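Order of the sequence lines fixes the chain letters, A, B, ..., with proteins taken first and strands second; residue numbering starts at 1 for each chain. What you are looking at is a predicted structure, and each value in this text was computed from that prediction instead of being measured.
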2 protein chains.
Amino acid sequence: MSQPDLNKVKTYLLGLQQSIAGALEQEEDTLKFTIDAWTREQGGGGRSCILQNGTTFESAGINFSHVFGSGLPASATAHRPELAGRSFQAMGVSLVIHPNNPYVPTSHANVRFFIAEKPGEEPVWWFGGGYDLTPYYAFEEDVIHWHQTAKQACAPFGADVYARYKKWCDEYFHLKHRNEPRGVGGLFFDDLNEWGFDKSFGFMQSVGDHYLKAYIPIVQKRKDIAYGERERDFQLYRRGRYVEFNLVYDRGTLFGLQSGGRTESILMSMPPLVKWRYNWQPEAGTPEAELYEKYLIKREW
Amino acid sequence: MSQPDLNKVKTYLLGLQQSIAGALEQEEDTLKFTIDAWTREQGGGGRSCILQNGTTFESAGINFSHVFGSGLPASATAHRPELAGRSFQAMGVSLVIHPNNPYVPTSHANVRFFIAEKPGEEPVWWFGGGYDLTPYYAFEEDVIHWHQTAKQACAPFGADVYARYKKWCDEYFHLKHRNEPRGVGGLFFDDLNEWGFDKSFGFMQSVGDHYLKAYIPIVQKRKDIAYGERERDFQLYRRGRYVEFNLVYDRGTLFGLQSGGRTESILMSMPPLVKWRYNWQPEAGTPEAELYEKYLIKREW
């Protein structure tokens, strides 16, 4: 079985961060990402790329981190007691994009690598990641394109890969307290090592590389659609669901906040402006109702 | 030891909800609370009083609930295994007020009663509750008034009661991931039964009754102070901390969301409009910096 090569993973991740930042800047008039390098007291650090108040993107955050420690925290090993006490390294790229235009969906992507080591024993490692889309006013052709691109990312790795990780994504990005999906899904995978290092790493790269192919065409198609107060209001209201998911359920967010991660890098996923209102429901027959009826349901694309 | 009287508690709680709603309406031009009664599938229900887009209050939610079930969920008995499998009843009033004017603080209050029963055994019951204040632009005299009123609420029950529950409040309303208090605190108590039913119930009533005495004078003094974009912006930014606390840490919120509570009543604590921005810090010497330096610190009032 091929051995894990951390340098190759790190090089890929830093390159991915840069290429995504570059592609998003192409959709802006003049604004560029600012870059914050940071270190973590307990070991490691990261590089956060942030863009705020752009012409296309109200906020875009792309975070690279590489953290390590001498003993895995208990919360990380509850389901894998065999890893307790091992030294670990985790590296990944995580991004959340909140566009200005309510016709452009919010998107999220993450790819990550984890390794737990112990002298004299084989290292335990795995890959995880995925990407998912959260539209406000959705276009069927966009969602089909998003999922077809996800399918292409998976195709070289096995006939059932897309279906399996599409399902996992639907299950993961679900707001239990509202019995509502966060959006229209995409891919989610974790604990991937069964293919050996080279193929697993290849799959993570395929997911990373397909994100821009999935998202940028949607941005380009929809970013200049005219909208008014009504659409903006609905977008801000729906962003509340994004906050609810990330703060109540998202494992990465909660693990980061509770384990001394860099708060500002973790919470760059928060939307810049959000509304809540009590017991609101869209009126039947409106474009807002269509989101719930046609898109926030179990559906194959 | 005096026996618990659930009807007396319920009558008090419903009256408290009504008197708080009435007092808040006095600060509005014409707007009144709307009332939603709801039932809970697994047993019980509640009554939510909601006011939105008022002249003084951007949102105010006062929720009464009385829920019961045949077996306490595991999550509620993790620390008290002796209660597992008992039938239970929980009733309480919980409120969160988000004013328009950034010079008027957000406030929260909660009083609650819990009883777990088993045929042939003594019931296990306790009271909990408290109130806390979250200013944006704080006035020292207001915070002193708030805490002095809390002290008065506690005084008849013992010399050390205020100090104990003030400390518990500081510890509870703390955002660990920012190492920052949510606000300037107040009172927090839980598991209170050591005084017997009558005195414990009397204390809960005293806390409930002192909330308006603590909050309304502050509202009246500050609600007409002129403010602009800058103050509004800071208020919306700071409201993000309120969301973070409630969704990441607040036991009542998380228990409610995870146990099939009524989502819209639980999340009426969410501010109507909220901002996040990456890595923002107030400039030294500004009124915004003063909040962090003088108020969001460990302090006695």
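- No other option in B/Arg262, B/His177, B/Lys176, B/Glu244 has as many heavy-atom pairs under 4.5 Å with chain A as B/His177.
- Contacts with chain A (heavy atom to heavy atom, under 4.5 Å) involve these residues of residues 46-58 of chain B, listed by number: B/Ser48, B/Ile50, B/Gln52.
- The shortest side-chain heavy-atom distance between A/Leu267 and B/Arg178 falls under the 4.5 Å cut-off.
- The stretch residues 276-292 of chain B places B/Trp276, B/Arg277, B/Tyr278, B/Asn279 near chain A, each with some heavy atom under 4.5 Å from a heavy atom of that chain.
- Within 6.0 Å of the CD atom in A/Glu28, the count of heavy atoms belonging to other residues, nucleotides or ligands exceeds 12.
- Of the residues listed (A/Thr253, A/Leu247, A/Asn246), the one engaging B/Val248 in a side chain to side chain contact (heavy atoms under 4.5 Å, CB included) is A/Leu247, and it is the only one.
- Both the backbone and the side chain of A/Lys275 come within contact range of chain B, judged by heavy atoms closer than 4.5 Å.
- Residue A/Arg239: no heavy atom, backbone or side chain, is found under 4.5 Å from chain B.
- The distance from the CG atom of B/Leu236 to the CG atom of A/Leu273 is 7.0 Å, given to the nearest 0.5 Å.
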